[in-house]
Number of protein chains: 2
Amino acid sequence: MVTLKQLAKELNVSISTVSKALNNSEEIGEETVKRVKELAELYNYKPNKVALSLKQNKTKTIGVIIPDILNHFLAKVLFGIEREAVKYGYNIITCISNESLEQEKESLRLLANGSVDGFILSIAEETQVKNEIDHFKKAISQGLPIVMFDRVAHDVLCDKVIVDDFDATYNATQSLLVEKRKNIAFISTLDSLSVGKLRERGYRKAVLETNVCEPLVLKIKKKDDQQKKIMSFFKKNTTIDGVVAADSASGIIAINTAVNLGMKVPKNISVIGFASKSDSYHTIPKLTTIRQHAKEIGESAAQLLINRLQNKSGDIDIKTKIVKTTLIKSKSTL
Amino acid sequence: MVTLKQLAKELNVSISTVSKALNNSEEIGEETVKRVKELAELYNYKPNKVALSLKQNKTKTIGVIIPDILNHFLAKVLFGIEREAVKYGYNIITCISNESLEQEKESLRLLANGSVDGFILSIAEETQVKNEIDHFKKAISQGLPIVMFDRVAHDVLCDKVIVDDFDATYNATQSLLVEKRKNIAFISTLDSLSVGKLRERGYRKAVLETNVCEPLVLKIKKKDDQQKKIMSFFKKNTTIDGVVAADSASGIIAINTAVNLGMKVPKNISVIGFASKSDSYHTIPKLTTIRQHAKEIGESAAQLLINRLQNKSGDIDIKTKIVKTTLIKSKSTL
DNA sequence: ATGAAAGCGCTAACAT
DNA sequence: ATGTTAGCGCTTTCAT
């Protein structure tokens, strides 16, 4: 990479002249500006990012820590963050915690050395289970703002972007009740997460408000064979006529299993799942889905952080943004 | 963040003494080292990454440019890259080209200002279609090594990690021929990509080597409704008894469509698709898949780049690593 | 209109 | 054993 120094030498002027010329300072003579810019162009000069960061004490880089990059929802949020960040000239450094508290801590620690101006993150499963939050507080106290999304720690004072998980399953369940479904089951792989608990509660509330329908919940663990679990669940509970799935795979597998067992979807059984558009194509009939607007969540998170970073006074109020889910009716419900 | 300067002041010693003490230099007295380390610990001192980067003229950061973060395969490669990079103390800055040449160029341009030590990337679709490679060559000539994976430009001299796409579909098709399938179709959404072309050729070769089976190819465009296309393809070609799908969604949809049309899988029709383990659970019966070992591809790419970055002499030979696919037999084939 | 110098945080060669 | 200095690339204040 060419430096100001090299340009200055070649042009027989001082470094500061070159710098000023390139920054369109009024101080520098027209002719000089022209010469400088031409040579800079020729050599494809670009100001060294690292030097600028050091000088200005900010990196224009955001640290993003996500639990699992293979989770479609989280990947899509990351996409939204990236899109929004780029707009404002920010880069993102991505770290994957792998749902591990230790790795989450380590990522936070490693980036809290001037590598980034702030963090956007979703909390690892282990962290939520153990309810540890000191590492977040520490980062914030060091002047590195955090924006949490989806899986958040309410005891940490920072901006947050969350989904109306409770309402989402409450409404989804109600829409099945409207279809006169009498035996609506709830299937979830997310029992250990805050969002999973909220989704179950939304379902339970809707069911318990009626007196025609009892809660029926299937919880699937990471290590279980999801297909087998759902298959035997269906075989044991033959009267199920509705399913609300808390994750995308469960909804898809539920439809395929129902079809496989000779049930008609949605004639005999309706299924609603949390899923993206592309996933909803994985079944015939197509899955009715609760869309979380993942990209928008990412964009909002980025906006909140950038806003805070660029706010000189630094004392803007803490915000929690709720991104409402949408129930997209497709062919797996009436 | 605390700096050496602040520590030095508080301890009434010079900055370099503090620096040396913290770096366990032999020069500094035992007692002093102890005092310095204690204060550093107390204040949670961490060397400023930006200053180190400037000083050492390397950032220990890798720029990763991927076309689509929502593509499961690419996300998994990214995962592999991240895992390997972290091991060697590297961070990754992720940029998403969105399959756009312009965005790919821009990402390369923006990071080629000292932000990263090198690149790992997979080429955007538009770039492959237009066959532009100047931006890659430019980066390399500026001293920023590139490692390409999956979608590569053979005319660019750099390390590469690729999949044996041709062999993968050749072998998959052959395994269907061994099952005595007589009408094997090939379904692809990847026609514009180098990998898509290779996969089709592998299929064609296997089919043309027999005289019992004619090539039958369905190409699906981005804007098409994949489900409808496959449905009408099956309805038009009722004798199909085998499918090789070049992408993960097509394989899944093919099974569901076949089942929906009353065919027995794998009794009447066998299906093989490129897919990950988690995707293969989206069908009943489970999909027989060609695994690309995405994580391993990412790890290899990271290794190649880091190797090159840490190789002082800088003149190691260019390597192309081929990661062999594996055909994982499941329940959608005999 | 141009240049010199300081300083961002750090390391390391070179004094003392 | 400790300190001084220079320098990484850049911006900016303060001379000239």
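Below, chain A is the first sequence line, B the second, and so on; all start at residue 1. These figures come from a predicted structure and were not determined experimentally.
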Could you state the atom-to-atom distance from CG of A:Asn23 to P of D:dC10 in whole Å?
-> 11 Å
A:Leu52 near the nucleic acid: base, sugar-phosphate alone, or nothing, with a heavy-atom cut-off under 4.0 Å?
-> sugar-phosphate
Closest heavy-atom contact between A:Val152 and A:Gln128?
-> O-NE2, 3.6 Å
For atom CG of A:Leu11 and atom P of C:dA1, their distance in whole Å | 18 Å
B:Leu54 side-chain proximity, nearest of C:dT11, D:dG9, C:dT2 = D:dG9
Taking the nucleotide of DNA chain C with the closest heavy atom to each, which residue, B:Gln56 or B:Glu27, is nearer the 5' end?
-> B:Gln56
Taking every non-hydrogen atom, the tightest pair across B:Ser97 and B:Ala124 | OG-CB, 3.6 Å
Residue mapping more 5' on DNA chain D - nearest nucleotide basis, B:Ala51 or B:Ser25 = B:Ser25
Measure from NZ on B:Lys5 to P on C:dC10 and round the result to the nearest Å.
-> 11 Å
Give one of base, sugar-phosphate or nothing for B:Ser16, where a contact means two heavy atoms less than 4.0 Å apart.
-> base
Between the side-chain atoms of A:Lys49 and the base atoms of D:dG9, is any donor-acceptor pair under 3.5 Å?
-> no
Atom-to-atom span, CG of A:Leu22 to P of D:dT12 - whole angstrom | 13 Å
So what does A:Asn48 hit on the nucleic acid, given a heavy-atom distance under 4.0 Å: a base, only sugar-phosphate, or nothing?
-> sugar-phosphate
Among C:dG9, C:dG3, C:dA13, the one nearest B:Lys20 by side-chain distance = C:dA13
How is A:Thr32 classified with respect to the nucleic acid when contacts are heavy atoms under 4.0 Å: base, sugar-phosphate, or nothing?
-> sugar-phosphate
N-O pairing of A:Lys34 and A:Glu38 below 4.0 Å = yes
Does the distance from a Lys or Arg side-chain N to an Asp or Glu carboxylate O, for A:Glu99 and A:Arg151, drop under 4.0 Å?
-> yes
What is the distance from CD of A:Glu30 to C1' of C:dT2, rounded to the nearest Å?
-> 16 Å
Let me know the distance between CG of B:Asn57 and C1' of C:dC10, rounded to the nearest Å.
-> 14 Å
Examine the side chains of A:Tyr43 and A:Gln6 and answer whether a donor and an acceptor come within less than 3.5 Å of each other.
-> no
What is the nucleic acid contact for A:Val13, judged by heavy atoms within less than 4.0 Å: base, sugar-phosphate only, or nothing?
-> sugar-phosphate
Which part of the nucleic acid does A:Ser19 contact within heavy-atom distance under 4.0 Å: base, sugar-phosphate only, or nothing?
-> base
Between C:dG7 (C1') and B:Leu4 (CG): distance, integer Å | 15 Å
Which one, C:dT11, D:dG3, C:dC8, comes nearest to the side chain of B:Ser14?
-> D:dG3
Distance in angstrom units between B:Met1 CE and C:dC8 C1', rounded | 12 Å
